[in-house]
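In what follows, a structure is listed as structure tokens, so that the remarks can point back to it.
Note that the structure is a prediction, hence the values are computed from the model and not measured. Order of the sequence lines fixes the chain letters, A, B, ..., with proteins taken first and strands second; residue numbering starts at 1 for each chain.
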4 protein chains.
Amino acid sequence: MDATAHVLSTKGFAGTRLTDVAKHAELQAPAIYYYFASREDLIEEAMFRGINDLRDHLQRALDALPTDTTPMDRILTAAEVHLRHGLDLSDYARASIRNSGQIPDRLRARQKKELTAYHRIWQRLIAAAAADGQIRGDLDPKIAQSLILGALNWSAEWWDPRRNSVDTLVTNAQAFIRHSLAPAAKPARRRAKGRAAG
Amino acid sequence: MDATAHVLSTKGFAGTRLTDVAKHAELQAPAIYYYFASREDLIEEAMFRGINDLRDHLQRALDALPTDTTPMDRILTAAEVHLRHGLDLSDYARASIRNSGQIPDRLRARQKKELTAYHRIWQRLIAAAAADGQIRGDLDPKIAQSLILGALNWSAEWWDPRRNSVDTLVTNAQAFIRHSLAPAAKPARRRAKGRAAG
Amino acid sequence: MDATAHVLSTKGFAGTRLTDVAKHAELQAPAIYYYFASREDLIEEAMFRGINDLRDHLQRALDALPTDTTPMDRILTAAEVHLRHGLDLSDYARASIRNSGQIPDRLRARQKKELTAYHRIWQRLIAAAAADGQIRGDLDPKIAQSLILGALNWSAEWWDPRRNSVDTLVTNAQAFIRHSLAPAAKPARRRAKGRAAG
Amino acid sequence: MDATAHVLSTKGFAGTRLTDVAKHAELQAPAIYYYFASREDLIEEAMFRGINDLRDHLQRALDALPTDTTPMDRILTAAEVHLRHGLDLSDYARASIRNSGQIPDRLRARQKKELTAYHRIWQRLIAAAAADGQIRGDLDPKIAQSLILGALNWSAEWWDPRRNSVDTLVTNAQAFIRHSLAPAAKPARRRAKGRAAG
DNA sequence: TATGAATGAGTTTTCATTCAT
DNA sequence: CATGAATGAAAACTCATTCAT
């Protein structure tokens, strides 16, 4: 149910009332029970579909890339897909992403598995880039991945279509990610030896 | 009320029940009404305190830096404060950050103002870095800022203290941010030996 | 809701609990919310209906009188209608009359308007009687009207069907009112040759 | 407690909250328990005092009349006392009178006894007048008494000091009562045989 | 004598859910 | 398939009452 995803992405798990979902679907609340056994089922399904769609979408996009695409370019493609899917297309993705933390574990099983699968795709992309020397050694790949996905996920909270086009956002995000990961430019000599806090 | 922030950061706005808050505070639910006029007042206050504390904390940390700290190092300090405050210290910050999107506007007025003020601090830090040539020209500063804060905010969703220490996370995030922003260290000499806050 | 009027007329505004109303209606309390948005709406409606019905009732009774009915006889008819409606027929009227003073202004707007309209009918009856010389000059018509309505309204507090029939009460009240208003039947000839109602 | 009477006369029995009473008394609610064992005790006492004061007051006023005062004049004096006491002087009287019907029987015992005693005074006044031929034969003395007291009691609901002075009201009420009771003037011939509506 | 703090009982209200139609 | 009507469970909230101070 599209309406579910929409409400879920706006009001959060506990705030998702069947009445609101039904209103969005131009239905009366009891009608939902014709399609779903319970509120929980409905939400569980929407959460699952969110990640599931996103994963399919990403997988297809990656499969469509020329085989000689560099690992970094694959990552940037993934970033674009993730962003566009979450912002343009899909209440489901937003619902799924935003509510991850608020949902009782019981309802998360399927979504969690799907999410792990989605993360695994990213892990492979990053591992490939690392193997190719396209990722700086001072970064833990898992942490870097989480930071990237965080940066992308959060865009749903602040992005305002009246200020920036998605294209602009995508371009910026890609530049941001590329440099955050990449080692110093090619003829590299030395690199900064920063120090960070302790 | 600390308990409110805790529940709020776990269950979300609509999922925050007075009974749970009260249980955390080792009280009966009606006792809350001795201190707050309504559930909404309570939540509003917690959300406000979240950003308010965070801003104070950041401001103090920045004020404590040596005056010759480079703009980039100031940003990295800010990142550290933001991370540590959200992960280590404060249910308030988490509550405030995670629930921003789910709360009725009516309750957000004060928190919004505070958030804007907080963002302004970051804007100034980034503008200073840009003015100093420490930020690549292909990045829109506002977008970059949002991406950074997204990456940091999201850490509350995935960070697992049993896998990584906060220190590790901070170091990685700082490296991540530094390079995501910094121009290629062309014929680089040396770069700052930053120090970030403690 | 008849049940509301009944409880309201017995327990007063603040004492009217939804549970009691529901019990009277052989329902569960939440079912009330299917028909009314809130307790206040429910009460507001019952109070309004009280006066509204009474006014309709009175208006119809007056319209049904022969056109040559004397002004005084019209007044006595109105008294009878008022009494019978409040005692025999209507929890609504009792609810409306008894609780006038206890209800927050916010809920009284509509009822007040209706009440004013009801009073206006009486005013006209009395003015007509006065114009016809059937009311003593030492009485302020407004005050007299209020005293009459008071005498009638209050009967709900003390009238006990096991002691007096409504008919007896009506006859007594009419005699009471007639003489309270009428000028001394100076060189009296004949007056109306009435009959008390059945 | 004066405050109790005041609140009680405004909000009714169920609407009388200890907090409101306390606020009126410029106290905190728990302080009431220093003087009264419970809310019910407090209310019971206020209701009792209402009628008790009124009765004392009336008794003293009657005792002060010259012994040759006519029965009718005694009644009119009683009416004045009743009115003035309820309007000018006493929240207690108003509380007692207005809430008679809403209070659980358990709390009414004492007030009821007192009320009966008060009514007995009136009964005697009216009986005396009747014995003296000053009351028309077509009136049931008990009903007439109730109608009179109703007219007087109700004045608390509508009397507006900005429209009429108490003096005016008293004068009107006395005229109203006198004629409602009195037989047609001396050289009376025939009297009305009223007619009322059907 | 009085109050700040808290609570238990009970009330209004919300909402998922059921069910006859 | 869908809805109007209703309900049980649970939530927010109110308020008399207690108690330590």
Atom NZ of C:K11 and atom P of E:dT11 are separated, to the nearest Å, by 10 Å

Quick one: is B:S38 getting a side-chain N or O under 4.0 Å of the F:dC13 phosphate, OP1 or OP2? no

Whole-Å distance separating the CD atom of A:E40 from the C1' atom of E:dA16: 11 Å

Test: D:R98 and D:E157 ion pair at under 4.0 Å: yes

Rounded distance (Å) that lies between atom P of F:dT17 and atom OH of D:Y35: 17 Å

Enter the distance from A:S96:OG to A:L54:CG here, rounded to the nearest 0.5 Å. 8.5 Å

Parallel, tilted or perpendicular: which one describes the rings of B:H6 and B:H24, with boundaries at 30° and 60°? tilted

Under 4.0 Å between a side-chain N or O of B:Y33 and OP1 or OP2 of F:dC15? no

Whole angstrom is fine here: how far is it from OH in C:Y34 over to P in E:dT14? 16 Å

Provide, to the nearest angstrom, the distance between the CG atom belonging to C:L27 and the C1' atom belonging to F:dG8. 14 Å

Under a 4.0 Å N-O cut-off, is there an ion pair linking B:R106 with B:E40? yes

Please give, in whole Å, the distance from E:dT12 P to C:D20 CG? 8 Å

